[in-house]
Protein chains: 2
Amino acid sequence: MGTTQLETAPEPKYWHLKTVLSDALDSEFAVGEILPNERELAARFGVARATLRQALEQLELEGRLQRRRGVGTTVAPPRVGVAVADAEHAWPGTTEDDWQPVDSAEAAPPAAVALLLGTGRDETTHTVRRTRSSHGRPVATELLYVPASALAGLDIPETAPGPARARAVLRALHRLPLEGQDRAVELGSARADDAKQLDRLPGAPVLLVTTRYFAEGRTAAVAVATYRADTCRLTFGDGDPVGLLAS
Amino acid sequence: MGTTQLETAPEPKYWHLKTVLSDALDSEFAVGEILPNERELAARFGVARATLRQALEQLELEGRLQRRRGVGTTVAPPRVGVAVADAEHAWPGTTEDDWQPVDSAEAAPPAAVALLLGTGRDETTHTVRRTRSSHGRPVATELLYVPASALAGLDIPETAPGPARARAVLRALHRLPLEGQDRAVELGSARADDAKQLDRLPGAPVLLVTTRYFAEGRTAAVAVATYRADTCRLTFGDGDPVGLLAS
DNA sequence: AAGTGGTCTAGACCACCCG
DNA sequence: GGGTGGTCTAGACCACTTG
């Protein structure tokens, strides 16, 4: 009776705001352009700053915006496609790609990785840190875990830590016959160390790519790659066989 | 002098809170168990509710928690692995999988899809909606776009909208010779209609899987699948060639 | 009707970047 | 030092589910 509740469901303010801003980005802003600051935008739309931020967070999640503390909010370029799977299986670091070995050490793998490797937590394991850049920007960081037992008989020179040692571990790995591999992609949030490498704040949304490498009848290595979810589109392409895709 | 600022950088409260809660989930809670409500948790940890929610949001993003309005917050089961890529290329709907055709219509594709198809926005295009379930829960919804011109000469019976029409479009597609395909994965937020199908709120984080199908020298179809990012781990497996993975 | 998570507010302070 | 985004608070009301 008194209830004039004919409107189905009131759209949340931040959701409507996101739509309005998204349209504005398409029509009125150029890539790289800087937006008015949050306090002014909130005032302009007549909402609290927290509400505006909820809309901005969504747009950043979708790769439309880029926010940097102390600087401002800018219009993000379209996501870059980064190739994750080649047509053929290969050990990491064999082909010329845009990965850069950074460092290597011996450490105990996290429990989840130990499970994939089928090793105990106490088994000594080589770790190799690599980072990947695209168009000059860091897009991913990776930790590769190789149980020492998988490299039995292959010598890792006792060099000082650093890229040289990382390359040495990779070279040893390449001597094994790769029998197959396996990938999984899931959403995660950046750990503190990964965030620093990716130039993001801890907790930033990332795409976790877990790769298992099989050799000699066992899981010989596991790689966990952390891609910036805001700027990356992961491509799995045997791709275009006929050269269709222009532009 | 007076500055006793020896601590490097104060960890945000919500970040520390997330760690504490995460450990508690591992040690003190069982899957499916219901947590104390947000007001009580906030009081217990001596923080504002908004701060607690920031921690819970992260844990939900990582698939550790599940929150439902009017019900409560429960401990989420581990993410389910859903196979996205088979060893061989195939049209959608050819193999027996867990996709269910839902409906079909003729509609103009969104601009981004039209670009991938290489068609104008005005070209009539068949759309097929499918949904995918795993363990009885909806995990993904998909929209398949097939330009009418790609199916030239193949008849689509003029049936009423519904699963039958969807299957008819798929059958027509299967008559084309598949020459290749292409995939990309990126982070997105659920549109209102997708969110409803996935039993989530609009804006929920999702993994967008875009597949291009090539036939007869052109892009014959584009599929955009929307996977729940909180509950899904996408697997790309030629997988385990030797049957290693037990458990 | 009671209890839950979801939205929103108006304010404060902090960490960071730059000129 | 001034401006930016990031964190945090203490409240309020709403939408939804369940007994």
Side-chain angles (χ1 to χ4, degrees), chain A residues 3 5-18 21 33-61 65-76 189-190 192 195-196 199-205 230, chain B residues 3 5 7-19 21 33-61 65-76 189-190 192 195-196 199-205 230:
Chain A
T3 66
Q5 167 94 21
L6 291 185
E7 287 90 306
T8 53
E11 202 175 38
K13 275 191 190 177
Y14 77 91
W15 185 261
H16 179 244
L17 207 50
K18 180 192 136 183
L21 285 169
E33 194 169 346
I34 188 165
L35 266 61
N37 71 55
E38 297 184 350
R39 289 159 179 89
E40 181 178 335
L41 278 178
R44 188 178 301 186
F45 287 104
V47 300
R49 190 176 154 219
T51 304
L52 174 81
R53 279 180 59 82
Q54 214 171 337
L56 294 183
E57 261 149 40
Q58 285 242 356
L59 289 170
E60 189 178 28
L61 199 79
L65 291 180
Q66 199 160 338
R67 299 193 288 173
R68 273 179 306 170
R69 166 153 50 178
V71 180
T73 302
T74 56
V75 181
S189 46
K196 181 162 289 186
D199 192 24
R200 299 250 56 200
L201 289 178
D230 54 345
Chain B
T3 66
Q5 168 93 21
E7 286 90 308
T8 53
E11 201 174 39
K13 275 192 190 177
Y14 78 91
W15 185 261
H16 179 243
L17 207 49
K18 181 193 136 184
T19 320
L21 286 169
E33 195 169 344
I34 188 166
L35 265 61
N37 71 56
E38 297 184 349
R39 288 158 179 90
E40 182 178 335
L41 279 177
R44 189 179 301 186
F45 287 104
V47 299
R49 192 177 153 219
T51 304
L52 174 82
R53 279 179 60 81
Q54 215 172 335
L56 294 183
E57 260 149 39
Q58 285 241 358
L59 289 170
E60 189 178 29
L61 200 80
L65 291 179
Q66 199 160 339
R67 299 192 289 173
R68 273 177 306 169
R69 168 152 50 177
V71 179
T73 302
T74 56
V75 181
S189 47
K196 181 163 290 186
D199 192 23
R200 299 250 56 199
L201 289 178
D230 55 344

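Worth knowing before you read on, the calculation uses all heavy atoms, side chains too, and leaves out hydrogens, waters and symmetry mates. To find a chain, count down the sequence lines: A is the first, B the second, and so on, and within it residues start at 1.
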With respect to the side chain of Arg39(A), which nucleotide from dT9(D), dG6(C), dT4(D) is positioned closest? dT4(D)
Does a side-chain heavy-atom distance below 4.5 Å link Gln54(B) with Lys18(B)? no
Rounded to whole Å, CD of Glu57(B) lies from P of dG6(C) at a distance of 8 Å
Can you tell which of dC8(D), dG6(D), dT4(C) lies closest to the side chain of Thr51(B)? dC8(D)
Does atom CG of Asn37(A) have more than 12 heavy-atom neighbours from other groups under 6.0 Å away? yes
Between dC8(D), dG6(D), dG6(C), spot the one nearest the side chain of Gln54(B), thanks. dC8(D)
Under 4.0 Å: is that the gap between some side-chain N or O of Thr73(A) and OP1 or OP2 of dT4(D)? no
Distance in angstrom units between Arg200(B) CZ and dG5(C) C1', rounded: 12 Å
With the side chain of Lys13(A) defined as its heavy atoms from C-beta on, choose the nearest nucleotide among dC16(C), dC8(C), dT4(C). dC8(C)
Kindly point out which of dT9(D), dT7(D), dT18(D) is positioned nearest to the side chain of Tyr14(B)? dT7(D)
Without decimals, in angstroms, what is the distance between Ile34(A) CD1 and dT4(D) C1'? 8 Å
Counting only side-chain N and O atoms of Arg53(B), is one of them less than 4.0 Å from OP1 or OP2 of dG6(C)? yes
Within this structure, what is the CZ-to-C1' distance between Arg67(B) and dT7(C), rounded to whole angstrom? 12 Å
Can you see which heavy atom on Ala42(B) is nearest to which on Arg49(B), and at what distance? CB-CA, 3.8 Å
Just to be sure I understand the rule, does Leu56(B) reach a base, reach only the sugar-phosphate, or reach nothing, if contact means heavy atoms closer than 4.0 Å? nothing
Can you confirm whether Leu21(B) sits close enough to Phe45(B) that some side-chain heavy atom of one is under 4.5 Å from a side-chain heavy atom of the other? yes
Looking only at dA10(C), dG6(D), dG5(C), the nucleotide nearest the Ala48(A) side chain is dA10(C)
Between atom CZ in Phe45(A) and atom C1' in dT7(C), what is the gap in whole Å? 18 Å
Just so I know, are the side chains of Leu65(A) and Leu35(A) near enough to count as touching, which here means a heavy-atom distance under 4.5 Å? yes
Rounded to the Å, how far apart are Glu11(A) CD and dA15(D) C1'? 15 Å
Gap between atoms CZ and C1', on Arg49(A) and dT7(C) respectively (whole Å): 18 Å
Please give, in whole Å, the distance from dC16(C) P to Glu38(A) CD? 17 Å
Selection from dT9(C), dG5(C), dT9(D) that lies nearest to any side-chain heavy atom of Asn37(B): dG5(C)
